[in-house]
Amino acid sequence: MKDIIKDLIKKSLKKIDKHKNISIEDIEVSLCKDNKFGDFSSNIAMKFSHVYNSSPRDLAKKILENISDNKNILKVEIAGPGFINFFIVKVSQFEVIEKILKEQNLFGKNNLGLNQKVLIEFVSANPTGPLHVGHGRGAAFGDCLSSLLQENGYDVTKEYYVNDAGKQIDILTLSVLQRYHELIDSNSKFEYENLYKGDYIWDIAAEIHRNLSDTYMIEDFENYKSISIDDYILNVKNNLSEKKFKEVKDTSVKFILDDIKKTLKLSGINFDSWFLESSLIDNGDLKDIIKYLHENNNTYEKDNALWFKSQELGDEKDRVLVKENKDHTYLSTDIAYHKNKISRNFNRVINIWGADHHGYVSRINGAFNIFAKGKSQLIVLLVQFANLYRGKSKVSMSTRSGDFVTLEELLKEVGKDATRFFYLARKSDQHMDFDIELAKSNDSNNPVYYIQYAHARICSIFRLLKENGNEFHYNKKFLEFLSEEEELNIVKKLSFYPEVIKKSAEKHEPHLLTNYMRELAQEIHSYYNKFQILVDDDNLRNARLALIEASKHVLVNSSKIIGINMPDKM
RNA sequence: GCGUCUAUAGCUCAAUUGGAUAGAGCGUCAGCCUCCGGAGUUGAAGAUAUAGGUUCAAAUCCUAUUAGGCGCCCCA
């Protein structure tokens, strides 16, 4: 319908002055929020009045005079400063019902993505502890965005980057070993500052002890402590042997990863791919990219370290790739990782990061473009932190101190649907406050129940219809019997759905979809309260059933993208 | 200090991306079940941080100010 109107305006403009060329993209047509302004309106006259050397209202008048008739359009009016308002013939508005009933779960899908390959990397929390509430937002966001992109015809791969190399993992291993020694000898005290302190460390240590007894025991473990954590790690490695240290490391990482996978499953999230940082070191990729960067004059040596010239690429300063002690930095493996993404032929690479990483964007973007050579595009989306509150008091979320609320706890207490909806209903670049007490104590606060209730009501009507020995059958002629304002409101919402799908994917804003669902549900509830669906008149009954059946399809389609259930009964 | 994100109703969030009278939920107040599920519905009160600017039009864009989050390691 929008396109029809755009076309009409374009043709009219052509008649007014055939030398001026206004492209169809410049013509904006939008839905009216107030029915008295018609169904669609365009601001074209105000936008281009200067091009035509006339006042907005005059140009609008001219457009109106030159616009040709169309069977779908009842009348056209000029209003306010120069809006052109289009009133649509009622019957053609209801035609979307027919389209939805025919397309069902395909309604809303499009082919804009042209099957392009997209890699979307999200969560990627370090395997040093369980996922906490802070990770939940990025998880829900990434998963929903993937579904949205799929709905728009992209070929999406969801990937989790596992940081299973580097110092943090060594610290994790050390933390486990320390607890392990405490288990064996309770006199061994845990008092080193920088180790991981969560309860799960005990669990891992206990499992290792249960399965392998004192294999990893070193005499006088205490004595290897050092002020520098690096030395501490080194001492333990040397005395335990590199091999055994790695065994403990692998067991710990696997334990935590299994836990993370379990939590993600509870959230309804499935990753297509788990990419190990360590694989980049093992297969030589890391060495190759450092060599490549060096040969292409993107690096230099200073203070016995190898530096990446990231300042030239927009970063605040240059960054170290290889440290003085010949260890690689996190950045260097990350560059290798992104080089790998490019080599897997993704047209678009999306990273979803916490907003605390924003300073990191320019350097990885710069490195990415060195390798992508324009063939692939990197998009980094930052998700703002969720501040966690328990009532009035703020809860800290430090993995290190072990003081955090796990995502699993939240999912179990609040439920998957409510949690996902809560995360997604807010714009991702908006800081948000998450009050656990509120979420737990009063779950009817969450609009997800409101939407599910609308769906359950529709299902309930169809159940009742069946119990009465009746059946719903559809015929296009029924649509003529829909005439109430509430029916029109619903149908307008329904025809807007494909646009919401398009827009929320393009702009990476799933909250547009959650808002839409809320609005649709509201129209449905309002209608339900005012009108009886199951009336005696066959024509009217079937017409109304067709309307709510179409609404049901849209609710179900959108809920699948958001990742929530739409129960028939609640 | 530099960079970056943000500021909308008492609270938590929206606003079709520059559009017409800024919308919801919670909370407050007043109504609606002999009727398809009251987890619902109808209404009332209540808001664009401050000061300028840009134009037909500003919550939205620009500048300054104020307040807050985050980032500024050879950490990951």
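Residue numbers start from 1 in every chain, and the chains themselves are labelled A, B, ... in the order their sequence lines are given, proteins ahead of strands. These numbers come from a predicted model, not from an experiment.
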Quote, to the nearest angstrom, the C1' distance that separates B/A47 from B/U21. 15 Å

Centroid distance under 5.5 Å and plane angle under 30°, A/Tyr453 vs B/G40: no

Can you tell me which nucleotide in B/U41, B/C36, B/A15 comes closest to the side chain of A/Tyr450? B/U41

Can we say A/Arg319 and A/Asp315 salt-bridge, meaning some charged N sits less than 4.0 Å from an Asp/Glu carboxylate O? yes

Taking CZ from A/Arg426 and P from B/U6, how many angstroms apart are they, rounded to a whole number? 17 Å

Scan A/Ser460 against the nucleic acid and name what it touches under 4.0 Å (heavy atoms): base, sugar-phosphate only, or nothing. base

Roughly how many Å is it from CD1 in A/Ile524 to P in B/C36, rounded to a whole number? 19 Å

Give A/Ser41 one of three labels, base, sugar-phosphate or nothing, depending on what nucleic acid heavy atoms sit under 4.0 Å from its own. base

Under a 4.0 Å N-O cut-off, is there an ion pair linking A/Asp170 with A/Lys167? no

Atom-to-atom span, CZ of A/Phe83 to C1' of B/C56 - whole angstrom: 10 Å

Using a 4.0 Å heavy-atom cut-off across all strands, classify A/Asn85 as base, sugar-phosphate, or nothing. base

Nearest whole angstrom, please: distance from the P of B/G3 to the CG of A/Asn365. 20 Å

Which atom pairs, donor and acceptor, lie under 3.5 Å between side-chain atoms of residues 38-45 of chain A and protein residues at least two apart or in another chain?
unit_1  : atom_1 : unit_2   : atom_2 : d
A/Asp39 : OD1    : A/Gln93  : NE2    : 3.4
A/Asp39 : OD1    : A/Lys492 : NZ     : 2.9
A/Asp39 : OD2    : A/Ile88  : N      : 2.7
A/Asp39 : OD2    : A/Gln93  : NE2    : 3.3
A/Ser42 : OG     : A/Glu28  : O      : 2.8
A/Ser42 : OG     : A/Ile44  : N      : 3.2
A/Asn43 : ND2    : A/Glu28  : OE1    : 3.4

When you check the gap from the basic side-chain N to the acidic O, do A/Lys502 and A/Glu151 get nearer than 4.0 Å? no

What distance, rounded to whole Å, do you find between the two C1' atoms, one in B/G40 and one in B/A51? 46 Å

So which nucleotide from B/G19, B/G38, B/C13 ends up closest to the side chain of A/Met46? B/G19

B/C35 and B/C29, which share atom name P, separated by this distance in whole Å: 28 Å

Just verifying a value: how many Å separate A/Glu509 CD and A/Leu381 CG, rounded to the nearest 0.5 Å? 10.0 Å

Using the ring of each side chain (for Trp, its six-membered ring), is A/Trp353 parallel, tilted or perpendicular to A/His338, with breaks at 30° and 60°? perpendicular

Per atom distances to the A/Asn529 side chain, the nearest of B/G19, B/U41, B/G37 is B/U41

Would you say A/Arg457 places a side-chain N or O within less than 4.0 Å of OP1 or OP2 belonging to B/G38? yes

Test item: A/Asn110 side-chain N/O and A/Leu112 main-chain N/O as donor-acceptor pair under 3.5 Å: yes

NZ of A/Lys530 versus C1' of B/G43: gap in Å, rounded? 13 Å

To the nearest Å, how far apart are A/His525 NE2 and B/C36 P? 16 Å

What is the nucleic acid contact for A/Glu506, judged by heavy atoms within less than 4.0 Å: base, sugar-phosphate only, or nothing? nothing

Decide, for B/C72, between syn and anti: a glycosidic angle within 90° of 0 counts as syn, anything else as anti. anti

What about A/His358: does its side chain form a donor-acceptor pair under 3.5 Å with the base of B/C5? no

Map A/Gly359 and A/Lys36 onto RNA chain B by nearest heavy atom, then report which one ends up closer to the 5' terminus. A/Lys36

So which protein N/O to nucleotides 72-76 of chain B N/O distances come out below 3.5 Å?
unit_1 : atom_1 : unit_2   : atom_2 : d
B/C72  : O3'    : A/Lys317 : NZ     : 3.4
B/C72  : O2'    : A/Glu316 : OE1    : 3.3
B/C73  : OP2    : A/Lys317 : NZ     : 3.3
B/C74  : O2     : A/Glu324 : N      : 2.8
B/C74  : N4     : A/Asp303 : O      : 3.1
B/C75  : OP2    : A/Lys323 : NZ     : 3.1
B/C75  : O2'    : A/Gln168 : NE2    : 3.4
B/A76  : OP1    : A/Lys323 : NZ     : 3.2
B/A76  : OP2    : A/Tyr330 : N      : 3.4
B/A76  : O2'    : A/Asn126 : ND2    : 2.8

For nucleotides B/G19 and B/A59, find the distance between their P atoms and express it as a whole number of Å. 10 Å

Secondary structure string for RNA chain B (Watson-Crick or G-U under 3.5 angstrom, | for other-strand pairs): (((((((..((((.....[...)))).(((((.......)))))....(((((..]....))))))))))))....

B/A15 OP1/OP2 closer than 4.0 Å to side-chain N/O of A/Lys427: yes

Take the protein atom CG of A/Asp39 and the nucleotide atom C1' of B/U16, then report the distance between them rounded to whole Å. 15 Å

When rounded to the nearest Å, what value does the distance between P atoms of B/A49 and B/A44 take? 25 Å

Hey, are A/Lys246 and A/Asp250 close enough for a salt bridge, meaning a charged N less than 4.0 Å from a carboxylate O? yes

Touch class at under 4.0 angstrom, heavy-atom based, for A/Arg57 against every strand present: nothing

Please state the C1' separation for the pair B/U65 and B/U6 - nearest whole angstrom. 16 Å

Look at the side chain of A/His525 and the backbone N and O of A/Tyr450, then say whether any donor-acceptor pair between them is shorter than 3.5 Å. yes

P-based separation of B/C62 from B/A58 [nearest Å]: 16 Å

Does a distance-only test, which skips hydrogens and angles, find a donor-acceptor pair under 3.5 Å between the side chain of A/Asn43 and the base of B/G19? yes

Quick check with a 6.0 Å cut-off and a 45 degree axis cone: is A/Arg363 positioned over the face of A/Phe308's six-membered ring? no

Between B/G43 and B/U48, how many Å separate the two C1' atoms, rounded to a whole number? 25 Å

With a 4.0 Å cut-off on N to O distance, would you call A/Asp568 and A/Arg463 a salt bridge? no

Give A/Ala454 one of three labels, base, sugar-phosphate or nothing, depending on what nucleic acid heavy atoms sit under 4.0 Å from its own. nothing

On the 0 to 90° scale, with breaks at 30° and 60°, tag the A/His357-A/Tyr360 ring pair as parallel, tilted or perpendicular. perpendicular

Using a 4.0 Å heavy-atom cut-off, does A/Leu464 contact any base of the nucleic acid, only the sugar-phosphate backbone, or nothing at all? sugar-phosphate

Atom-to-atom span, CZ of A/Phe422 to P of B/G25 - whole angstrom: 16 Å

